[in-house]
Visitor: 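Below: one structure in structure tokens.
Within every chain, numbering begins at 1; the chains are lettered A, B, ... in the order of the sequence lines, protein sequences first and strands thereafter. Just the heavy atoms: all of them, side chains too, but no hydrogens, waters or symmetry mates, feed the values below.
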Amino acid sequence: MLNLPDHFLVIKTQILYQRRFMAKDFSTREENYSKWYNDIVQRAGLAESSAVRGCMVIKPYGYAIWEKMQAALDKMFKDTGHANAYFPLFIPKSFFSREADHVEGFAKECAVVTHYRLKNDPEGKGVIVDEDAKLEEELVIRPTSETIIWDTYRQWVQSYRDLPILVNQWANVVRWEMRTRMFLRTAEFLWQEGHTAHATKEEALEETYRMLDVYADFAENFMAIPVIRGSKSENERFAGAVETFCIEALMQDGKALQAGTSHFLGQNFAKAFDVKFASKEGNLEHVWATSWGVSTRLVGALIMAHSDDHGLVLPPKLAPIQAVIVPIYKNSGQYETVCNKAREVKEALEKRGILVKLDDRDTHKPGWKFNEYEFKGVPVRLSIGPRDVENGTVEIARRDTLEKEVISIDQAGQAVEALMTEIQQHLFRRALAFREENTRMADSWESFNRILDEKGGFILAHWDGTAETEQKIKEETKATIRCILLDENKESGKCVYSGKPSGRRVLFARAY
RNA sequence: CGGGGUGUAGCGCAGUCCGGUUAGCGCGCGUCGUUCGGGACGACGAGGCCGGUGGUUCGAAUCCACUCACCCCGACCA
């Protein structure tokens with residue numbers, strides 16, 4: 001049942017997991033998807049809302065997931081030649097006026113620092129802003145760092161010998177959002193932003209695609225979430241980019257989620273910030289640019305892609321705890337015996353590089369712990385009781401399918417290791433099957449609407465390529481063009497909305 | 001910024017319409033005991049300026065005015 005390789009001696013087979021009673025304090029996806037999501041965030045200890053509107057506190061367990069994502073991505077960035085750096089949180093307001101599209105895109109959601117000092121209220125009502133400490137030039141808290149970085153790059157670049165610049169920064173950014181949701185959209189969020197400068201257009205485009213592929217690779221192989229790579233329509237493009245590429249994932253409620261973006265910025269920022277270099281031929285030319293980023297939103301994607309009505313489900317590669325051992329005992333004598341055996345198992349797993357936790361707390365009961373670790377999405381659970389010690393066995397349960405078996409304790413290390421691989425792959429396969437079931441063709445406006453209302457999911461449909469049509473579709477159905485697929489075959493047809501000729505299908509969905 | 005809603009113990013709520021003992025309930029928390037292979041049970045216990053300010057009244061969680069905060073639905077968005 002666990003899908004362990006054949007050489008494992010399964011002592012007792014097919015104990016199908018059965019939950020005796022459903023947690024009454026936990027919503028199901030069916031009942032209320034967004035409440036289910038919030039319940040997971042809260043009950044799994046990922047994050048909580050804070051004293052500041054729209055901002056969340058990322059709790060240790062949630063942050064540990066982000067750290068695992070960071071570690072994997074950071075390695076991938078370095079493997080592709082990038083180095084980390086750090087630029088200021090504050091950006092002079094004037095920088096924003098340099099690139100017209102960029103200002104327009106971000107102006108409405110910028111937090112601005114106007115003063116640098118507080119003082120005691122003369123009327124005794126605490127502290128107030130000291131009006132005498134007004135900044136000469138106001139500072140914008142970065143919604144993204146293109147402007148400050150390009151202003152800096154001007155200093156760094158003189159010759160083609162200074163290129164390329166391949167820099168990434170891990171940082172927080174602020175976008176004053178009207179409506180926020182834990183991880184998916186918060187006023188302040190954590191992310192990484194890569195900013196590169198190149199001598200040629202071709203090289204910059206190549207970089208843009210390379211990083212898109214890095215993101216797709218990360219999403220599929222670490223997060224176990226299948227993604228579709230594509231380019232954005234003009235409406236959805238990053239403010240200031242020539243072209244925006246993205247990876248799009250499908251969530252369990254049939255809504256799409258943009259999981260990463262990679263932008264080809266052309267020479268827009270180089271021109272706005274006057275970043276020029278002397279080419280080999282001796283000509284003074286503007287630099288070509290890219291930027292690319294993923295954020296803590298990925299944690300939200302992870303939750304919505306795999307989790308079930310029992311709580312969070314984490315892919316082993318991103319799980320802060322990959323296996324937990326729960327000892328079962330009746331008295332202090334048994335506690336000692338069982339925990340000693342459990343420690344042996346723990347060591348065996350650690351030798352294999354598995355992140356394992358032995359929960360030997362006496363303050364909680366086994367049943368309580370089982371539920372706790374299910375909420376937290378720990379991929380594998382082992383439990384050892386007096387019977388196991390006597391028989392040389394251990395009970396092993398997998399979180400993704402909720403199945404469990406009893407196996408020989410000597411094989412625990414191997415079994416957990418095998419299960420890690422199996423679970424990682426199974427989550428991906430399951431998510432991929434879900435996406436395939438929920439990707440549909442629509443060749444008429446009626447079927448387009450019917451699919452959206454009855455099923456949701458991705459819709460492949462013809463589009464006449466105009467922003468007007470896209471806007472109309474959005475207004476009438478709330479569905480947007482998620483992307484224009486990179487790998488899609490050309491196919492002529494008629495726009496699902498306007499009936500005008502179209503050369504390819506594009507991907508529509510309602511999105512987060 | 002529009003439309004709707006909610007503020008009472010750490011969390012979830014009742015009480016508010018119709019003012020009147022010491023403001024309750026569930027979960028959680030603490031101590032002790034029995035338990036421990038799927039969220040244990042019992043006994044005892046701690047915990048509240050009823051969002052804030054001002055008013056009406058002999059008396060306000062309850063009525064009135066103002067105010068603050070948060071949530072949901074829209075417009076905006078990674």
Visitor: Closer than 4.0 angstrom, basic N to acidic O: yes or no for E248(A) and R229(A)?
Guide: no

Visitor: Could you check E372(A) against R175(A) and say which one's nearest nucleotide on RNA chain B is further toward the 5' end?
Guide: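 Of the two residues, E372(A) wins.
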
Visitor: Find the distance F189(A):CZ to rA78(B):C1' and express it as a whole number of Å.
Guide: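 Rounding to the nearest Å, CZ of F189(A) and C1' of rA78(B) are 5 Å apart.
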
Visitor: When you compare rG59(B) with rA14(B), how far apart are their P atoms, in angstrom units rounded to a whole number?
Guide: 30 Å

Visitor: Does Y512(A) reach a base, just sugar-phosphate, or nothing at all? Heavy atoms under 4.0 Å.
Guide: nothing

Visitor: Considering only atom P, compute the distance from rA23(B) to rC13(B) and round it to an integer number of Å.
Guide: 23 Å

Visitor: Check the distance between rG38(B)'s C1' and R387(A)'s CZ and give it to me in whole angstrom.
Guide: 13 Å

Visitor: Using the C1' atom as the point on both nucleotides, what is the distance between rA69(B) and rC50(B), in whole Å?
Guide: 16 Å

Visitor: For rU21(B) versus rC58(B), give the span between their C1' atoms, rounded off to a whole number of Å.
Guide: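 The answer is 16 Å between these two C1' atoms.
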
Visitor: How many whole angstroms separate atom CG of N331(A) from atom P of rC36(B)?
Guide: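 For the pair N331(A) CG and rC36(B) P, the rounded distance is 9 Å.
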
Visitor: Considering only atom P, compute the distance from rG51(B) to rG7(B) and round it to an integer number of Å.
Guide: 8 Å

Visitor: Report yes if a side-chain nitrogen or oxygen of K108(A) is closer than 4.0 Å to either non-bridging phosphate oxygen (OP1 or OP2) of rC76(B); otherwise report no.
Guide: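 Looking at the OP1 and OP2 atoms of rC76(B), neither is under 4.0 Å from any side-chain N or O of K108(A).
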
Visitor: Starting at atom CH2 of W368(A), determine the distance to atom P of rC27(B), rounded to an integer number of angstrom.
Guide: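 Checked: the CH2 to P distance equals 16 Å.
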
Visitor: Please give the distance between the C1' atoms of rU67(B) and rG48(B) as a whole number of Å.
Guide: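 Per the computed distance, 23 Å lies between those C1' atoms.
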
Visitor: Within the modelled atom types, does a donor on one side and an acceptor on the other bring the side chain of K404(A) and the base of rG38(B) under 3.5 Å apart?
Guide: yes

Visitor: Checking all strands, does T186(A) fall into the base, sugar-phosphate, or nothing category for heavy-atom contacts under 4.0 angstrom?
Guide: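 T186(A): base contact, heavy atoms under 4.0 Å.
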
Visitor: Does F508(A) have R482(A) sitting over its ring (NZ/CZ under 6.0 Å from centre, angle to axis within 45°)?
Guide: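 Verdict for F508(A): no cation-pi partner in R482(A).
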
Visitor: Pick the C1' atom in rA61(B) and in rU57(B), then give their distance to the nearest Å.
Guide: 16 Å

Visitor: How long is the line joining CE of M304(A) and P of rA78(B), in whole Å?
Guide: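 That distance rounds to 15 Å.
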
Visitor: Hey, does L257(A) reach any base, or is it just sugar-phosphate, or nothing, if we go heavy atoms under 4.0 Å?
Guide: nothing

Visitor: Could D253(A) and K255(A) be called an ion pair, given the rule that one side-chain N must be under 4.0 Å from one carboxylate O?
Guide: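 No, no charged N to carboxylate O under 4.0 Å.
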
Visitor: Both distances below 3.5 Å, Watson-Crick or wobble geometry, any strand: find the nucleotide opposite rG2(B).
Guide: rC73(B)

Visitor: Ring centres of F238(A) and H102(A) under 6.0 Å apart?
Guide: yes

Visitor: Is the closest basic N to carboxylate O distance between K341(A) and E344(A) below 4.0 Å?
Guide: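 Here K341(A) pairs with E344(A) in a salt bridge, since their nearest N and O are under 4.0 Å apart.
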
Visitor: For rG19(B), which nucleotide is its Watson-Crick or G-U wobble mate, given both distances must be under 3.5 Å?
Guide: none

Visitor: Pick base, sugar-phosphate or nothing for E177(A), based on heavy-atom distances below 4.0 Å to the nucleic acid.
Guide: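 The residue E177(A) makes base contact.
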
Visitor: Quote, to the nearest angstrom, the C1' distance that separates rC76(B) from rG26(B).
Guide: 41 Å

Visitor: In whole Å, what is the span from the CG atom of N38(A) to the P atom of rC72(B)?
Guide: 7 Å

Visitor: Between the side chains of T290(A) and W292(A), does any donor sit under 3.5 Å from an acceptor?
Guide: yes

Visitor: Classify S383(A) by what it touches in the nucleic acid, base, sugar-phosphate, or nothing, heavy-atom distance under 4.0 Å.
Guide: base

